[in-house]
Amino acid sequence: MLEEVERWLIERSWSVSDRPLHRILAAKRSSGQTVSVVLPALNEEATVGDIVSVIRHDLVLQVPLVDEVVVIDSGSTDRTSEVAAAAGATVVHRDAILPRLPAVPGKGEVLWRSLLVTRGDIVCFVDADLREFSSDFVTGIVGPLLTEPDLQLVKAMYDRPLTVAGGSATGASAGQGGRVTELMARPLLNMHWPQLAGFVQPLGGEYAARRGLLEQLPFPVGYGIELGMLVDALHLVGLDALAQVDVGVRKHRHQDGQALGRMAAAIYRTAQLRLARAHLLRPSLTQFERCGDAFEPRTYSVDTEERPPMRDVAEYQSRKVA
């Protein structure tokens, strides 16, 4: 590990308990900064309501840390929107944001569009499929941005149990979640961006950043969003402007092996674009499914479209002037 990263791990890796809530609130009052929490959601009616309820109860009603909770519905076919609204979130459909530009599927697309419908100086992203959610996920990553003016982006780190049948995690699987992180993202970062080798959960969906940084970044529209944002932020503001906070345990639903394969391929493509901006001859992935006595190929595109920095979008510029 680089000496720079060893130093960073000491100086920029914290626990949620390092910043008591009263200290975070005092910093928010003195700075006058506002905080938006964004949940990208696609068919998450089973969990999104509980997450919104916890954030509103703990950080809106009990203490004034979060100024708005916004759920961006990415085309759900279940009751995600209704459940989120009933829990107190502002719900906006992805397609209603920047309608002149047809939306494409992908988490990064939703996060990019969320900048147009939120106002916070600090934007905190939280995945909508978390179970047993704690508001520590929000205070842990927002706190350093309020108390440390030189920080620009903070990621959560945590244990990721790999759940087994029945929804429990055995001792053997307690630390085996994050398979794409270990098999794809961590090797890529260590080999090509060793300054980022200290991030425990580089692909984690819980992170907060200053709006001023987010509006300068391109957004990969799909699974490459977290790796792309981390790499681009490193180049734009430097390692010491990035940090991570231990918030405990993250429990969520896990995807099957083929879905993970598509995710890994998209992440690799995102990394490659940042390494050379070269064109692949075949940016696609072929997987196999058994059909009767044979295996049939299924080919998926993994080409990664990106949205430009939000500050370059006319509607965003107009909003800032207004």
Side-chain angles (χ1 to χ4, degrees), residues 1-19 24 27 31 33 35 108 111-112 115 121-126 137-160 178 180-220 223-247 250 267-268 270-277 306 309-311:
M1 183 176 289
L2 298 176
E3 289 185 10
E4 178 184 8
V5 177
E6 292 180 348
R7 175 190 56 78
W8 179 85
L9 280 169
I10 296 172
E11 298 178 356
R12 288 289 187 263
S13 294
W14 298 296
S15 167
V16 66
S17 61
D18 290 336
R19 288 174 180 77
I24 297 173
S31 68
Q33 296 179 89
V35 177
L111 301 187
W112 182 73
L115 297 181
D121 302 304
I122 293 170
V123 183
C124 173
F125 298 118
V126 176
F137 275 77
V138 176
T139 57
I141 55 181
V142 167
L145 291 167
L146 290 169
T147 60
E148 311 289 336
D150 56 333
L151 287 180
Q152 292 289 323
L153 184 149
V154 180
K155 293 205 66 134
M157 57 178 169
Y158 31 66
D159 292 320
R160 293 184 65 180
V180 175
T181 291
E182 299 303 330
L183 296 174
M184 177 59 72
R186 200 176 307 286
L188 281 172
L189 292 177
N190 276 264
M191 289 187 289
H192 300 298
W193 296 281
Q195 285 180 296
L196 297 174
F199 277 93
V200 175
Q201 296 291 353
L203 299 185
E206 289 67 48
Y207 47 97
R210 300 193 191 279
R211 179 175 292 272
L213 171 63
L214 293 173
E215 63 187 14
Q216 297 181 68
L217 298 176
F219 275 56
Y223 288 129
I225 177 61
E226 275 81 27
L227 183 135
M229 183 178 292
L230 202 56
V231 170
D232 292 341
L234 173 69
H235 290 162
L236 193 62
V237 298
L239 182 60
D240 284 340
L242 314 179
Q244 60 184 350
V245 176
D246 186 350
V247 296
R250 183 186 197 268
I267 289 167
Y268 178 78
T270 300
Q272 188 197 44
L273 288 173
R274 277 152 178 78
L275 284 167
R277 296 292 171 178
E306 297 196 2
M310 186 57 80
R311 66 180 181 182

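Values in this document were obtained by computation on a predicted structure and should not be read as measured data.
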For the student: nearest non-hydrogen atoms of [X] and [Y], plus distance:
| X | Y | answer |
| --- | --- | --- |
| A233 | L217 | N-CD2, 4.2 Å |
| W193 | A271 | CH2-O, 3.6 Å |
| S15 | V245 | C-CG1, 3.7 Å |
| T147 | A27 | CG2-CB, 3.8 Å |
| V247 | G140 | CG1-CA, 4.3 Å |
| I267 | G224 | CG1-CA, 4.3 Å |

Any chance you could measure [X], atom [atom1], to [Y], atom [atom2], to the nearest 0.5 Å?
| X | Y | atom1 | atom2 | result |
| --- | --- | --- | --- | --- |
| C124 | I141 | SG | CD1 | 3.5 Å |
| H192 | L275 | NE2 | CG | 5.0 Å |
| E4 | L239 | CD | CG | 5.0 Å |
| E215 | M310 | CD | CE | 9.5 Å |

Within-4.5 Å side-chain heavy-atom neighbours: [X] and [Y]:
| X | Y | result |
| --- | --- | --- |
| F199 | L189 | no |
| H235 | V231 | yes |
| M184 | L227 | no |
| D232 | P218 | yes |
| K155 | L230 | yes |
| I225 | F125 | no |

| task | Using atom types as modelled and distance alone, determine if a side-chain donor or acceptor of Q201 lies under 3.5 Å from a backbone N or O of Q244. | result | no
Is there a donor-acceptor pair closer than 3.5 Å between any side-chain N or O of W8 and the backbone N or O of L242? yes
Acceptor/donor pairs from residues 202-212 side chains to any protein atom, 3.5 angstrom cut, sequence neighbours excluded:
from	atom 1	to	atom 2	distance (Å)
E206	OE1	Y158	OH	3.1
E206	OE1	R250	NE	2.6
E206	OE1	R250	NH2	3.3
E206	OE2	D127	N	2.9
E206	OE2	R250	NH2	3.2
Y207	OH	E226	OE2	3.1
R210	NE	L151	O	2.6
R210	NH1	Q33	OE1	2.9
R210	NH1	L145	O	3.3
R210	NH2	L145	O	2.6
R210	NH2	E148	O	3.1
R210	NH2	L151	O	3.2
R211	NE	G120	O	2.8
R211	NH1	L115	O	3.0
R211	NH1	Y316	OH	3.1
R211	NH2	T118	O	2.9
R211	NH2	T118	OG1	2.8
R211	NH2	G120	O	3.4

side-chain hydrogen bond (donor to acceptor under 3.5 Å, both in side chains) with D240: of Q152, R7, R12, only one passes, and it is R7
Sorted by chain and residue number, the salt bridge (charged side-chain N to carboxylate O under 4.0 Å, His left out) partners of D18 (sequence neighbours excluded) come out as none
